[in-house]
Enquirer: 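Below is one structure. I have some questions about it.
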Amino acid sequence: MLRGGDYGVPHHLILDILGKLPVKSLLRFKSVCKQWFRSIIDPDFTDRHLSNQKKRDPGFMTANSTCCINKYNFGIEKVVFMDSMVVNKDNNTIPHCYTWLTDVPCDHYTMLNSCDGLLCFYGLSLAVFVFNPSTKEYRFLPNMGWYCHSLPRLGFGRDSVTKRYKIVRVLNPCPSHGRPRGCCLVITLDPNPDACWRSIGEIPYAVDSSSPSVHVDGAIYWLTDMIFHLDKTEVIVMFDLHVEKFQPIPHPSCCSDKNRGTMQLGTLRECLCLSQQETECRLNIWKMEKQQQKITWEKLYCILLFRNDLRVGPRFAFAEHRDGTLLVCSEDKVYLYKKNRHVCYVSIAKIGPRRTTAFTESLVTVYGKTLSRSQWR
């Protein structure tokens with residue numbers, strides 16, 4: 001079927017071509033005609049475009065928050081600094097794309113692992129916002145209204161049934177403040193501007209605040225807290241985003257008696273993975289397999305890093321390229337491995353404490369506002 005803005009080309013072919021383009025181009029092409037505008041903002045097109053983007057080699061996104069002097073009024077403003085990196089393996093360089101997100105409520109922000117091109121930030125004062133760095137759309141979520149007397153434990157992911165994105169907050173037990181059991185709050189990113197946090201009741205789990213949560217296939221995973229979690233045989237817990245229930249899952253046998261500080265969850269090949277520091281400079285990466293409701297773990301990699309990269313335990317982001325190269329991003333370098341063999345590393349600028357995540361750009365909306373040019377640089 002031909003349409004007015006398709007210039008004699010069948011519309012399904014137009015959509016196939018548009019679905020392979022970068023977000024920056026699609027944002028410009030929304031103004032070509034009404035048909036293209038409606039097609040580009042259609043949720044089905046967003047999903048197809050995201051699927052195409054995930055077939056490309058992923059990059060990394062790092063973020064940290066800092067205070068700086070506003071050059072116009074010389075006041076102190078809070079800035080979230082982001083750095084988008086894509087490794088060029090042909091010449092072992094990393095082109096950087098820096099973004100400074102300004103005019104955010106003053107807080108110390110931490111970034112969660114990316115989900116479908118979206119970034120979720122939370123602050124110590126319970127401020128939470130979601131940001132799509134590709135479209136510059138953001139949304140601040142309502143404050144929960146009370147202080148939890150414990151460090152934040154947040155998770156961010158997509159319900160595989162409803163296709164909605166949810167932020168989950170776990171409050172660990174805190175007997176000294178009248179909370180003998182843990183509880184959980186959930187908020188859904190939907191078009192409703194009055195969306196609020198919902199309590200799903202008490203939970204028998206305490207999760208580790210020092211290790212980031214991970215989203216895989218409609219569920220969020222955490223490591224359990226070694227001190228406050230009562231059942232020491234449970235190392236990993238899963239939260240199903242559709243039924244909104246927790247449950248423990250099996251873990252690699254090598255991790256049963258290990259300090260949680262030597263482990264970190266991540267994703268590889270769209271599966272849950274677990275990295276475990278075996279020695280001062282040796283890192284094992286395990287991948288979880290699900291077959292007919294049975295969970296098994298396979299060791300994917302055993303890699304060597306520089307000793308100083310593991311001085312406070314593994315805090316890395318992982319990604320795999322289509323040619324089989326494993327990329328491990330640490331605080332100041334990106335390691336490249338092929339078939340467990342260290343090929344090289346590329347140094348990156350060290351900008352202080354920051355969180356790093358594998359990242360793929362997308363058109364996914366957060367039903368919020370688009371930043372004005374004065375709010376980002």
Side-chain angles (χ1 to χ4, degrees), residues 43 105 107 109-132 137-174 177-209 211-225 228-229 234 236-249 265 267 272 355 357 364-368:
D107 205 337
Y109 290 100
T110 299
M111 179 180 68
L112 297 176
N113 282 315
S114 172
C115 177
D116 294 347
L118 300 182
L119 304 175
C120 182
F121 295 85
Y122 66 91
L124 293 179
S125 67
L126 308 186
V128 180
F129 71 94
V130 185
F131 179 54
N132 184 330
E137 186 186 14
Y138 72 100
R139 179 175 178 176
F140 277 91
L141 303 179
N143 197 297
M144 290 186 295
W146 50 280
Y147 192 71
C148 64
H149 302 288
S150 60
L151 292 173
R153 288 130 173 122
L154 269 75
F156 176 50
R158 187 188 194 190
D159 183 328
S160 58
V161 177
T162 66
K163 311 301 182 186
R164 296 294 190 194
Y165 294 85
K166 296 180 179 181
I167 296 98
V168 181
R169 181 164 187 136
V170 176
L171 306 180
N172 278 353
C174 191
H177 291 89
R179 193 173 66 244
R181 291 174 63 85
C183 60
C184 181
L185 302 172
V186 179
I187 190 170
T188 303
L189 288 179
D190 57 27
N192 178 15
D194 300 319
C196 58
W197 295 90
R198 301 176 285 107
S199 173
I200 63 169
E202 294 185 341
I203 57 173
Y205 301 103
V207 300
D208 185 1
S209 62
S211 183
S213 60
V214 173
H215 167 260
V216 181
D217 192 25
I220 298 175
Y221 297 83
W222 280 274
L223 293 175
T224 58
D225 190 292
F228 297 104
H229 188 62
E234 296 173 345
I236 305 173
V237 293
M238 179 191 80
F239 180 78
D240 188 304
L241 286 164
H242 183 61
V243 300
E244 297 187 346
K245 298 289 186 183
F246 281 89
Q247 70 177 67
I249 66 167
L265 297 176
T267 59
L272 180 69
R355 183 64 59 83
T357 178
V364 174
T365 181
V366 298
Y367 304 103

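As a basis for the values below, the full set of heavy atoms in this structure was taken, side chains included, without hydrogen atoms, waters or symmetry mates.
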Enquirer: For the pair Asn143 (side chain) and Ala127 (backbone), establish whether a donor and an acceptor sit closer than 3.5 Å, ignoring hydrogens and angles.
Expert: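 Pair absent, no side-chain N/O of Asn143 close to backbone of Ala127.
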
Enquirer: Kindly write out the residues that satisfy side chain to side chain contact (heavy atoms under 4.5 Å, CB included) with Pro191, not counting sequence neighbours, or none if the list is empty.
Expert: Arg164, Tyr367

Enquirer: By side chain to side chain donor-acceptor pair (under 3.5 Å), which residues pair with Thr110, not counting sequence neighbours?
Expert: none

Enquirer: Using every non-hydrogen atom in the two residues, find where Thr224 and Ile236 come nearest and quote the distance to one decimal.
Expert: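 For Thr224 versus Ile236, the nearest heavy atoms are CG2-N, 4.4 Å.
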
Enquirer: What residues, two or more places apart in sequence or in another chain, satisfy ring pair (Phe, Tyr, Trp, His ring centres under 6.0 Å) together with Tyr165?
Expert: none

Enquirer: Applying side chain to side chain donor-acceptor pair (under 3.5 Å), can you list everything that pairs with Ser114, at least two apart in sequence or on another chain?
Expert: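 Partners of Ser114 by the side chain to side chain donor-acceptor pair (under 3.5 Å) criterion come out as none, since no residue qualifies.
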
Enquirer: To the nearest 0.5 Å, what is the distance between CZ (Arg169) and CH2 (Trp197)?
Expert: 7.0 Å

Enquirer: What pairs with Asn113 under side chain to side chain contact (heavy atoms under 4.5 Å, CB included), at least two apart in sequence or on another chain?
Expert: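 With sequence neighbours excluded, Asn113 shows a side chain to side chain contact (heavy atoms under 4.5 Å, CB included) to Pro212, Val214, Thr357, given in chain and number order.
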
Enquirer: State which residues pass ring pair (Phe, Tyr, Trp, His ring centres under 6.0 Å) with Tyr221; sequence neighbours excluded, sorted by chain then number.
Expert: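 For Tyr221 there are no ring pair (Phe, Tyr, Trp, His ring centres under 6.0 Å) partners, ignoring immediate neighbours.
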
Enquirer: Considering residues, nucleotides and ligands other than Asp217, do more than 12 of their heavy atoms fall under 6.0 Å from its CG?
Expert: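 Not buried by this count: 12 neighbours or fewer within 6.0 Å.
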
Enquirer: Would you compute the distance between atom CD1 of Ile167 and atom CD1 of Ile187 and round it to the nearest 0.5 angstrom?
Expert: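 One gets 6.5 Å once the value is rounded to the nearest 0.5 Å.
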
Enquirer: Search all heavy atoms of Tyr205 against all heavy atoms of Pro248 and return the closest pair with its distance.
Expert: OH-CD, 2.9 Å

Enquirer: Go through the structure and list residues passing side chain to side chain donor-acceptor pair (under 3.5 Å) with Arg158, not counting sequence neighbours.
Expert: Asp47

Enquirer: Provide the closest heavy-atom pair for Asn132 versus Val364 in the form atom of the first, atom of the second, distance.
Expert: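 Smallest interatomic distance, heavy atoms only, reads ND2-O, 2.9 Å.
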
Enquirer: Compare every heavy atom of Ala195 with every heavy atom of Pro142, then report the nearest pair and how far apart it is.
Expert: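 Residues Pro142 and Ala195, closest heavy atoms: CG-O, 3.3 Å.
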
Enquirer: I need the Ser213 OG to Ile220 CD1 distance, nearest 0.5 Å.
Expert: 6.0 Å

Enquirer: Considering only distance and modelled atom types, tabulate donor-acceptor pairs under 3.5 Å from the side chains of residues 237-244, sequence neighbours left out.
Expert:
| from | atom 1 | to | atom 2 | distance (Å) |
| --- | --- | --- | --- | --- |
| Asp240 | OD1 | His242 | N | 2.8 |
| Asp240 | OD1 | Val243 | N | 3.2 |
| His242 | ND1 | Asp159 | OD1 | 3.4 |
| His242 | ND1 | Asp159 | OD2 | 3.1 |
| Glu244 | OE1 | Arg198 | NH1 | 3.2 |
| Glu244 | OE2 | Lys166 | NZ | 3.0 |
| Glu244 | OE2 | Arg198 | NH2 | 2.8 |

Enquirer: Side chain to side chain contact (heavy atoms under 4.5 Å, CB included) with Glu137: which residues, sequence neighbours excluded?
Expert: Thr135, Thr365, Val366

Enquirer: Taking the side chain as everything from C-beta on, heavy atoms only, tell me whether Phe156 gets closer than 4.5 Å to Leu189.
Expert: yes

Enquirer: Which pair of heavy atoms, one from Arg139 and one from Pro193, lies closest together, and at what distance?
Expert: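 Scanning both residues completely, I find the closest heavy atoms to be NH2-CA, 4.3 Å.
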
Enquirer: Are Leu272 and Ile249 packed together at the side-chain level, in the sense that at least one heavy-atom pair is separated by less than 4.5 angstrom?
Expert: yes

Enquirer: Which heavy atom of Gly155 sits nearest a heavy atom of Trp222, and at what distance?
Expert: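 The answer is N-CZ2, 3.6 Å.
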
Enquirer: Assign the ring pair Tyr109 / Phe121 to parallel, tilted or perpendicular, where the plane angle (0 to 90°) is split at 30° and 60°.
Expert: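 Ring orientation, 0 to 90° scale: perpendicular.
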
Enquirer: Is the distance from the ring center of Phe131 to that of Tyr138 below 6.0 Å?
Expert: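 Ring-ring flag for Phe131/Tyr138: false, centres at least 6.0 Å apart.
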
